[in-house]
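Inspection log for the structure reproduced underneath, given as structure tokens.
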Amino acid sequence: MPDAPLFEIDDLHASTPATDAAAGFEILRGVSLTLNTGEIHALIGPTGSGKSTLAAVLAGSPYYEVTSGRIRFRGDDITDWSPDVRAKAGLFLAFQHPEETAGVSLLNFLHQAVTARNGVEVSVSEVRLSLLAWMEKLQIEPALLERHLNGAFSAGEMQRNELLQMALLDPDMVILEEPAAGLDNETVRAVAAGLQTIRAESPALGALAITSDRRLPEQLQPDHCHVLAEGRIVASAGPEPVAGPATDDKEGLT
Ligand SMILES: Nc1ncnc2c1ncn2[C@@H]1O[C@H](COP(=O)(O)OP(=O)(O)O)[C@@H](O)[C@H]1O
Ligand SMILES: [Mg+2]
């Protein structure tokens with residue numbers, strides 16, 4: 001469907017799983033938004049509004065139950081697709097689980113990820129070359145390349161690692177969950193600038209940044225800003241951050 005929006009969430013409802021003892025608890029209560037090719041949207045909301053649940057459901061987490069509504073990616077209904085199939089189709093979920101893959105170097109990790117995304121074996125030296133090129137563009141120290149992925153990565157290093165993954169995997173749509181969490185202002189700026197660098201090379205890339213931290217929308221200057229409260233989008237607006245219900249505001253950047 002060439003004319004379909006890049007990414008569409010249509011009246012999405014999701015609950016925690018029902019058990020024998022209790023019904024599921026509805027967390028998402030009708031979330032809708034439409035994101036077109038090349039657009040960047042921010043979705044902000046306070047703690048408990050359903051942000052992590054939304055990110056998990058968009059990634060295809062089997063934990064939450066989608067009770068109604070659809071998710072569409074380039075016109076395809078992906079609501080029932082597995083996380084792997086979504087990823088292979090070009091949907092990338094960043095920052096959600098800065099996963100620890102102990103003992104694997106960043107290079108090897110990315111080699112595996114790129115090979116999985118492309119569906120064919122890509123050589124390590126090819127991945128190394130494009131990594132080095134991206135590290136320069138994103139102003140990341142080459143030393144990170146040989147570091148092993150483990151708990152010793154700082155929050156800022158994890159974000160840079162995510163940016164590199166994003167750049168190399170070349171997704172069509174990226175969903176960022178709490179990309180500013182635990183970062184100082186300088187690193188928030190670096191993450192926003194890194195995302196813009198990647199978008200400059202891939203102008204069709206769509207991005208949805210899900211965050212409780214207003215510093216990120218301030219830096220990213222999204223095309224649209226949505227406010228999530230109690231599992232629903234209660235306000236949407238153009239580039240200006242919306243004055244909505246309180247978020248977990250950190251001090252703004254000056
Ligand atoms: N697995 C779960 N079981 C029960 N309640 C949950 C579960 N996950 C989330 N919730 C509840 O759903 C609401 C939204 O949670 P969450 O998606 O984590 O919000 P946010 O990321 O915006 O802080 C909260 O009230 C939370 O307590
Ligand atoms: Mg959360």
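When a ligand or atom number is given, it counts from 1 through the structure's own listing order. Counting from 1, the numbers follow the sequence of the chain as shown.
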What's the shortest distance from atom 1 (N) of ligand 1 to any protein heavy atom, and which residue and atom give it? Y63 OH, 3.0 Å
Could you list which atoms of ligand 1 come closer than 4.0 Å to a heavy atom of K51? 17 (O), 19 (O), 20 (P), 21 (O), 22 (O), 23 (O)
How far is atom 6 (C) of ligand 1 from its nearest protein heavy atom, and which residue and atom name does that atom have? I27 CD1, 3.8 Å
What's the shortest distance from atom 13 (C) of ligand 1 to any protein heavy atom, and which residue and atom give it? G48 O, 3.5 Å
Have a look at T115 and tell me which of V122, V120, V124 forms a side-chain contact (heavy atoms from CB on, under 4.5 Å) with it. V122
Ion pair D76/R70, N-O distance below 4.0 Å: no
Does T53 approach ligand 1 within less than 4.0 angstrom via side chain, backbone, both or neither, non-hydrogen atoms only? both
Within reach of ligand 1, part of S212 (heavy-atom separation under 4.0 Å): neither
N, O or S atom of S212 closer to the Mg ion (ligand 2) than 2.8 Å: no
Would you verify that at least one protein heavy atom lies under 4.0 Å from atom 18 (O) of ligand 1, or report that none does? yes
What residue and atom, counting heavy atoms only, is the protein's closest point to atom 3 (N) of ligand 1, and at what distance? T16 CG2, 3.3 Å
Strictly less than 4.0 Å: does any protein heavy-atom distance to atom 9 (C) of ligand 1 fall in that range? yes
What distance separates F7 CZ from H41 NE2, expressed to the nearest 0.5 Å? 11.0 Å
Which atoms from ligand 1 have a heavy atom of T47 less than 4.0 Å away? 23 (O)
Would you mind running through ligand 1 and noting each atom that sits below 4.0 Å from a heavy atom of Y64? 8 (N)
From T53 atom OG1 to E26 atom CD, the distance as rounded to the nearest 0.5 Å: 11.5 Å
Within 6.0 Å of CD in Q196, more than 12 heavy atoms from elsewhere: yes
Rounded to the nearest 0.5 Å, the CG atom of D10 sits from the CZ atom of R72 at a distance of 4.5 Å
Where do V188 and Q219 come nearest, in terms of heavy atoms and distance? CG1-CG, 4.2 Å
Any G45 heavy atom less than 4.0 Å from ligand 1: no
To the nearest 0.5 angstrom, please state how far the CZ atom of R86 sits from the CG atom of L58. 7.5 Å
Output the distance between atom CG (L176) and atom CD (Q159), rounded to the nearest 0.5 Å. 9.5 Å
With heavy atoms of P46 as the reference, note each atom of ligand 1 found under 4.0 Å away. 22 (O)
